[in-house]
Amino acid sequence: MEKREQLYEGKAKKVYATDDPELLIVSYKDDATAFNGQKRGTIVGKGVINNRMSNMLMQMLEKAGIPTHYVEEINERDTIVKKVSIVPLEVIIRNIAAGSFSKRYGVEEGVVFDTPTIEFSYKSDALDDPLMNSYHAIAMKLATPEEIETIKKYAFAVNEQLKAFWKEAGVTLVDFKLEFGRLSDGTIVLADEISPDTCRFWDSETGEKLDKDRFRRDMGGVEDAYAEIMKRLSEHL
Ligand code: TMP
């Protein structure tokens, strides 16, 4: 299958049409942004790692009964996925306080929750992805009540699968962001990516950050952290 016209270029990926109207090709870039594109940079080799990692994890989730957009990896940066219409919500699951949660609620990073939390942000660059509850999402017709229930169920199921997998690999899954889409028949599937760009990964022993926070916070060692988390994935699949 070959790329046809480019349909979209996002911050970290490009999306191409294919000869099949139900399939797209996503191509992962090394470009990194943070704070709604205000901070820009390059993480050398990131596209290759994110493509591989996302595809491996999505295949694992499919086996666990969670439907995804994944179809086939065609080379180190490009993957065939099912075409979806994206539900314009960022779905964030947290196991441990960090990032915007810590800032918003004044909770120290590292506080472990008794049960995971879920939150939604409205995907809007113009509005800076504002926090939104499910009633707001339904009122704005971003998703139906049934779709919200399905998304919540899948998001918590993804958390259980990923938490257990990463624990085996010596990594604590702190939090992550998911996006869901609708196939042409309306079926909700997991879309976008699962990678160090979209998850917080802390080394279980040392607490070392193995994710994009190293870029967001100018901590250095960004490429090494991506390589390390990819190594953990490969060793524990
Ligand atoms: P936050 O603490 O900044 O809200 O981030 C929560 C999780 O979501 C974290 O794992 C990083 C991920 N994330 C994205 O994937 N995209 C984004 O635009 C933001 C802000 C966070």
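When a ligand or atom number is given, it counts from 1 through the structure's own listing order.
Ring pair F180/Y154 is parallel by interplanar angle, where below 30° counts as parallel and above 60° as perpendicular.
Cluster note: L24 groups with L7, Y8, V15, V26, Y28, V81 through ILVMFWY side-chain heavy atoms spaced under 4.5 Å, whether in direct contact or through intervening members.
In summary, the side chains of S102 and E109 do not present any donor paired with an acceptor at a separation below 3.5 Å, with no hydrogens or angles considered. A donor and an acceptor atom, one from each side chain of D20 and T18, are nowhere located under 3.5 Å apart. Judged purely by distance below 3.5 Å, without hydrogens or angles, the side chains of N95 and D175 never pair a donor atom with an acceptor atom.
Contact shell of ligand 1 (protein heavy atoms, cutoff 4.0 Å): E90, I92, R94, A98, G99, S100, D175, F176, K177, D197, T198, C199, R200, R216.
With K13 as the fixed residue, the side-chain hydrogen bond (donor to acceptor under 3.5 Å, both in side chains) test singles out one of D192, T79, D31, N50: D192.
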